[in-house]
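Some notes on the structure that comes next.
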Amino acid sequence: MPWLKVFHFAALIVWCGLLLYLPVLVRAAWAPQDADEDRLHARLARLLFIGISTPAALLAIASGTVLFVREDVVQLWLVAKLTAVAGMVCCHAGCGALILKVERAPPPPLGLRRRASACGLGAAVFIGLTLWLVLAKPFQ
Ligand code: HEM
């Protein structure tokens with residue numbers, strides 16, 4: 001069982017890290033630089049999103065689900081935590097949508113950089129909330 005928790009943490013660290021980094025990368029792809037560098041940022045964002053972030057999210061959720069079934073945890077903090085995780089999933093999907101937009105031909109519409117910032121900020125809030133709920137267990 002400790003190994004399953006370690007696995008849960010490892011997947012979470014990768015997912016949460018990329019959830020904070022990808023919006024920055026997406027913003028960088030819209031910065032006024034030369035076109036080749038923009039393409040590089042967009043390609044790197046897609047590679048990280050599809051190759052690392054999404055698999056890590058799936059593994060974090062799958063290992064969390066196995067922990068929940070095995071340890072038979074049915075408490076209010078877990079329901080609240082899953083709600084906060086749903087917020088993280090929305091930020092993840094938002095990042096994916098922004099990566100698709102940034103890959104399309106320039107010029108990107110104004111406001112998309114702001115949406116990338118909102119995705120990053122939202123992710124930070126939901127990650128903090130999830131960690132607080134699972135570590136402090138304020139509701140039993
Ligand atoms: C569907 C997604 C998830 C499910 C079903 C899930 C479920 C669980 C369960 C059942 C435990 C064991 C709790 C205990 O033994 O007290 C746990 C531990 C933990 N989870 Fe998750 N989890 C999920 C996603 C996340 C996310 C996204 C984060 C952080 C951002 C997170 C952070 C943690 C932490 C820090 C622990 C260790 C708590 C402790 O040992 O006191 N989990 N998770």
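Just so you know, ligand 1 is whichever comes first in the structure, and atom 1 is the first atom listed for that ligand. All values below come from the heavy atoms of this structure, side chains included, with hydrogens, waters and symmetry mates left out.
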Measure the distance from [atom] to every protein heavy atom, then report the residue, atom name and distance (to 0.1 Å) of the closest one.
atom: atom 38 (C) of ligand 1; value: Val134 CG2, 3.8 Å
atom: atom 15 (O) of ligand 1; value: Glu71 OE1, 2.8 Å
atom: atom 27 (C) of ligand 1; value: Leu12 CD2, 3.4 Å
atom: atom 13 (C) of ligand 1; value: Trp77 CH2, 3.6 Å
atom: atom 7 (C) of ligand 1; value: Gly64 O, 3.3 Å
atom: atom 36 (C) of ligand 1; value: Phe9 CE2, 3.4 Å
atom: atom 40 (O) of ligand 1; value: Lys5 NZ, 3.0 Å

Look up atom [atom1] in [X] and atom [atom2] in [Y], then write down how far apart they are to the nearest 0.5 Å.
X: Ile61; Y: Leu12; atom1: CD1; atom2: CG; answer: 9.5 Å
X: Cys91; Y: Leu98; atom1: SG; atom2: CG; answer: 10.5 Å
X: Leu59; Y: Phe7; atom1: CG; atom2: CZ; answer: 4.5 Å
X: Arg114; Y: Arg27; atom1: CZ; atom2: CZ; answer: 9.0 Å
X: Leu4; Y: Leu67; atom1: CG; atom2: CG; answer: 4.0 Å
X: Trp15; Y: Leu20; atom1: CH2; atom2: CG; answer: 11.0 Å

Subset of ligand 1 atoms that lie under 4.0 Å from at least one heavy atom of [X]:
X: Thr65; answer: 5 (C)
X: Lys137; answer: 16 (O), 41 (O)
X: Leu82; answer: 1 (C), 2 (C), 3 (C), 4 (C), 5 (C)
X: Phe68; answer: 10 (C)

Which is it for Leu67 and ligand 1 at heavy atoms under 4.0 Å: side chain, backbone, both or neither?
-> both
Carefully, step by step, assess His92 and Cys119 under the rule side-chain contact (heavy atoms from CB on, under 4.5 Å).
-> CA-CA 8 Å; His92 183 87; Cys119 245; over 6 Å; no
side-chain contact (heavy atoms from CB on, under 4.5 Å) between Phe126 and Val85, intermediate numbers included = CA-CA 7 Å; Phe126 285 119; Val85 173; over 6 Å; no
Cluster link Leu44 to Leu22, ILVMFWY, side chain under 4.5 Å = yes
Taking atom 21 (Fe) of ligand 1 as the vertex, how big is the angle to NZ in Lys81 and NE2 in His8, rounded to 10°?
-> 180°
Does Phe126 reach ligand 1, in the sense of a heavy atom lying below 4.0 Å from it?
-> no
